[in-house]
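What follows is a single structure, written as structure tokens, with notes after it.
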Amino acid sequence: MGEMMSKLSYYMEFPFVRYALIVGVLIALCSSLFGATLVLKRFSFIGDGLAHVAFGAMAIAAVLDITNEMTVVLPITIVCAVLLLRTGQNTIIKGDAAIAMISVGALGFGYLIMNLFSTSSNLTGDVCSTLFGSTSILTLTTKEVWLSVILSVVVVVFFIVYYNRIFSLTFDENFARATGMKVEWYNLLTAVVIAVIIVLAMNLVGSLLISALVIFPALSAMRIFQSYKSVILFSAGISVVCALLGMLISILAGTPVGSTIVAVDVAGFAICYIIGRARS
Amino acid sequence: MAQITCRDLTLGYDNEVILKGLDFTVNSGDYLCIVGENGSGKSTLMKTILGLTPPLGGEILWGEGLDVNAIGYLPQQTLVQRDFPASVREIVLSGCQNRPGFRAFYKPEDRRKADRNMERMGILDMAKRCYRDLSGGQQQRVLLARALCSAEKVLLLDEPVTGLDPKITQEMYELIQGLNEEGITIIMISHDVEEAVRYASHILHIGKHVFFGPREEYIQSDIGKYFLLQEGGASEWEK
């Protein structure tokens, strides 16, 4: 135990470890807030789809040799989020099929152009780290940390201010529309925020594992809690705890960050499932 | 003066006309039942009244200082709602968002209003319970209380008894009748002509033949006789 603590405090002295912990906690918090909405609206896979889009966009940015990837990745992901979450009747391809299509399309296309045009000597390493986020969380610059902090604050404030609207929209879109709410506008806003969260979360767990960060906390909370507010609060809490635990374990055991966090999330879900079962 | 007047209304989507030349009025305290076969345009009419689908022709006039926001709406249940983790109070409160301007949070008066309407619907004791654990009838009461929070004068109910067992269906009809007796105007979409005729004060029958008038006239009319006989005949067969 003492050895573990001294190892931890040794690592804590490095600023990049502290940055990683701060950003990781913020991302976990943001991604969990919209998890319940996405799960309940049957959009669980949106995280995956958008993350793959972001991967494709990142490949384009890398090939074009753009240093600030965010300027390419964020707009492309936002546009795709808006297209996917548009719930109009006149979409050509419906819900899950559209997500699957864009998701694998972007993944395949991204890898293809990376292979064809990349100048990097370690292509497999680059691809692997984008997909599984293995090192990017540990190589954050101060600028990126601040960007993450600001975006996280924006997401949290947005969520709190629009909390009651988001509840209405999730529970009953028809009723919300009939009572004069500008449903399309709120859906658009939500899509943009979700895209921002996904792009942020790519740093932490990479684009293959993002869905876990979005849906596991919400699913865990829904096993136990009976009201929307408690589901949201608990999923935010469990998400932060799991992310922190996952990062600490990965530091101590030398495991990859992203997959360790996801493993802890799965364990958290299992515990909540058992508690939920025992109660009923 | 009439609360709602529909004049020469043409219904449909994107230039595809479903129904033409529809005229009817709804007065304060009326209990209007809209009946008709599937595909006759009941849902489209409802969406048009709610202002969700613009009419292709004609107009809807609002009287007594009402507008489209004065309608409390009870939609059909959706798949999403079945396993929704929300307490009864949270859902009823969400009806209070129906007002001009943006306010992020509920006020104390909204909470009082929600409590009052839950009491009215007899669900105040289950305010903290989870929506997904309630029976079908209880869930409808929750949604009715929410509709009452959003508007006090007119209620628009879309097939409120779908999927309920006969006893609960009866309770639901009586509950709606009670609200009507309190002075709330009821507009109800129903596929059950027999029940519609029992409770409603006016019938609007849409389809190939259109009828609008008081229920007594509907029972005497050819179209009314035809449909009531058909349904009666069907239940005779079942016996």
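In what follows, every chain begins at residue 1, and chains take the letters A, B, ... in the order their sequences are listed. Model, not experiment: these values are computed from the prediction.
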For the interface with chain A, which of Q77(B), R146(B), Q81(B) has the highest count of heavy-atom pairs at distances below 4.5 Å?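 With the most close heavy-atom pairs to chain A, the winner is R146(B).
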
Find the one option among L52(B), I91(B), L74(B) whose heavy-atom pairs under 4.5 Å with chain A are most numerous.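 Between L52(B), I91(B), L74(B), the count favours I91(B).
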
Flag the one option from T170(A), N174(A), D172(A) with the top tally of heavy-atom pairs under 4.5 Å to chain B.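 Option with the greatest count: D172(A).
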
Nearest heavy-atom neighbours spanning [X] and [Y]:
| X | Y | value |
| --- | --- | --- |
| F175(A) | S94(B) | CE2-O, 4.4 Å |
| Q97(B) | N164(A) | NE2-O, 2.8 Å |
| S150(B) | T179(A) | CB-CG2, 4.0 Å |

Non-hydrogen atoms of chain A under 4.5 Å away: do they reach the side chain of [X], the backbone, both or neither?
| X | answer |
| --- | --- |
| L93(B) | neither |
| P75(B) | side chain |
| R89(B) | neither |
| D83(B) | both |

May I have the list of side-chain donor-acceptor pairs in residues 225-232 of chain A shorter than 3.5 Å, sequence neighbours left out?
from, atom 1, to, atom 2, distance (Å)
S227(A), OG, S230(A), N, 3.3
S227(A), OG, S230(A), OG, 2.8
Y228(A), OH, T37(A), OG1, 3.3
S230(A), OG, S227(A), N, 3.4
S230(A), OG, S227(A), O, 2.9

Suppose a student defines contact as a heavy atom less than 4.5 Å from any heavy atom of chain A. Which residues in residues 118-129 of chain B would they list?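 Checking residues 118-129 of chain B against chain A gives no residue, so none.
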
For F45(A), I'd like to know if atom CZ has over 12 heavy atoms of other residues, nucleotides or ligands within 6.0 Å.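 For F45(A), atom CZ is not crowded (no more than 12 foreign heavy atoms under 6.0 Å).
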
Hey, can you tell me if F84(B) and F171(A) have their rings parallel, tilted or perpendicular (30° and 60° cut-offs)?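 Ring orientation, 0 to 90° scale: perpendicular.
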
Listed partners of H205(B) passing side chain to side chain donor-acceptor pair (under 3.5 Å), at least two apart: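 For H205(B) the side chain to side chain donor-acceptor pair (under 3.5 Å) partners, ignoring immediate neighbours, are Y218(B).
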
If the contact rule is any heavy atom under 4.5 Å from chain B, which residues of residues 147-161 of chain A qualify, in numerical order?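 Expected list: I160(A), V161(A).
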
